[in-house]
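So the structure is just underneath, and the comments pick up after that.
Residues: numbered from 1 along the sequence shown. Keep in mind that what you see is a predicted model, and the values were worked out from it rather than measured.
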Amino acid sequence: MVNPRRVQCGKPDCKRTFNAERARAWHRNYTKTTGERYGQKYREWELDYLKRRRETLGHWRELYPETAALADARRRMLVKQADRGERFAPLDVYKRDRWMCGLCRLEVDARLPWPHPMSPSVDHIVPLSRGGTHVLANVQCAHLSCNSRKGDALIGNRRDEA
């Protein structure tokens, strides 16, 4: 027996369309009855709160000048260090490593565009933040997701182990 009140077939596309239209109708009704868009006042409240908080507490750089100076010095060191490194194209690294991820040892698809998780990226074996240099010997091919997962961890150079 078919339910006469059923307005959708249950397929994901039909259900998604039905729910989207129901949400749009609710928002139209809310705007018509209140005269303002839903969520607009909450954003204004949030901005007011952040402004008051900044006025009362001050910026973190003013509260912790020693920490701010250390952060600035570290950033300047990293930028200066990166400028001293070799100049190379990422494609040179990918070809050298035969399009194999140095972290998970799976093949990297050259056709996938950034920011696809399996797109190619250049990974620093010893991260710049840990004192590594931006030279060809310190980089390897990696999937974007593998590289992001690794972060600034020190993991052995796996492309030499194979």
**OP:** Specify the closest pair of heavy atoms between Gly58 and Leu63, including all atoms of both residues, with the distance to one decimal.
**Re:** O-CD1, 4.1 Å

Subject >> Residues that, via side-chain heavy atoms closer than 4.5 angstrom, fall in one hydrophobic cluster with Leu57 >> reply: none

Original post:
Would a 4.5 Å heavy-atom cut-off, applied to side chains only, mark Leu47 and Lys51 as touching?
Top reply: no

Original post:
Backbone N or O of Val126 within a donor-acceptor pair of the His124 side chain at under 3.5 Å?
Top reply: no

**OP:** For Leu70 and Glu66, run side chain to side chain contact (heavy atoms under 4.5 Å, CB included): C-alpha distance rounded to whole Å, both residues' side-chain angles, the deciding distance at 0.1 Å, then the answer.
**Re:** CA-CA 6 Å; Leu70 287 173; Glu66 301 86 14; 5.6 Å; no

Original post:
Does a side-chain N-to-carboxylate-O contact under 4.0 Å join Asp72 and Arg61?
Top reply: yes

**OP:** Could you check whether the rings of Trp26 and Tyr30 sit parallel, tilted or perpendicular, using 30° and 60° as the cut-offs?
**Re:** parallel

Original post:
Are the side chain of Asp109 and the backbone N or O of Arg111 linked by a donor-acceptor pair below 3.5 Å?
Top reply: yes

**OP:** Grab the two heavy atoms, one from Gln140 and one from Gly102, that are nearest each other, plus how far apart they are.
**Re:** OE1-CA, 3.6 Å

Original post:
Just by distance, do the side chain of Arg96 and the backbone of Leu136 share a donor-acceptor pair under 3.5 Å?
Top reply: yes

**OP:** Evaluate salt bridge (charged side-chain N to carboxylate O under 4.0 Å, His left out) for Arg43 paired with Glu46, printing each intermediate quantity in order.
**Re:** CA-CA 5 Å; Arg43 179 65 182 149; Glu46 180 184 18; 2.8 Å; yes

Original post:
So do the side chains of Leu144 and Pro117 get within less than 4.5 Å of each other, counting heavy atoms only?
Top reply: no

Subject >> Min side-chain heavy-atom separation Asp123-Lys150 under 4.5 Å >> reply: yes

Original post:
To the nearest 0.5 Å, what is the distance between CE (Met100) and SG (Cys141)?
Top reply: 9.5 Å

Subject >> Any side-chain heavy-atom pair of Cys146 and Met118 under 4.5 Å >> reply: no

Original post:
Taking only residues two or more places apart in sequence, or in another chain, which ones meet Arg24 in a side-chain contact (heavy atoms from CB on, under 4.5 Å)?
Top reply: Ala20, Glu21, Arg28

Original post:
Is Asn138 reaching over with its side chain to a backbone N or O of Thr133, donor-acceptor style, under 3.5 angstrom?
Top reply: yes

Original post:
Could you state the interatomic distance from CH2 (Trp99) to CG (Leu91), rounded to the nearest 0.5 Å?
Top reply: 5.5 Å

Original post:
Do the non-hydrogen side-chain atoms of His143 and Ser119 ever get within less than 4.5 Å of each other?
Top reply: no

Original post:
So, does Thr31 use its side chain to make a donor-acceptor pair with the main chain of His27 at under 3.5 Å?
Top reply: yes

Original post:
When the ring centroid of Tyr49 is compared with that of Trp45, is the distance short of 6.0 Å?
Top reply: no

Original post:
Under a 4.5 Å cut-off applied to non-hydrogen side-chain atoms, are Asp152 and Arg130 in contact?
Top reply: yes

Original post:
Are Cys101 and Cys104 side-chain neighbours, meaning at least one heavy-atom pair lies under 4.5 Å?
Top reply: yes

Subject >> salt_bridge(Arg52, Glu55) N-O dist < 4.0 Å >> reply: no

Subject >> Separation of Glu62 CD from Arg54 CZ (nearest 0.5 Å) >> reply: 8.0 Å

Original post:
Looking at side-chain heavy atoms only, is the closest gap between Phe88 and His134 below 4.5 Å?
Top reply: yes

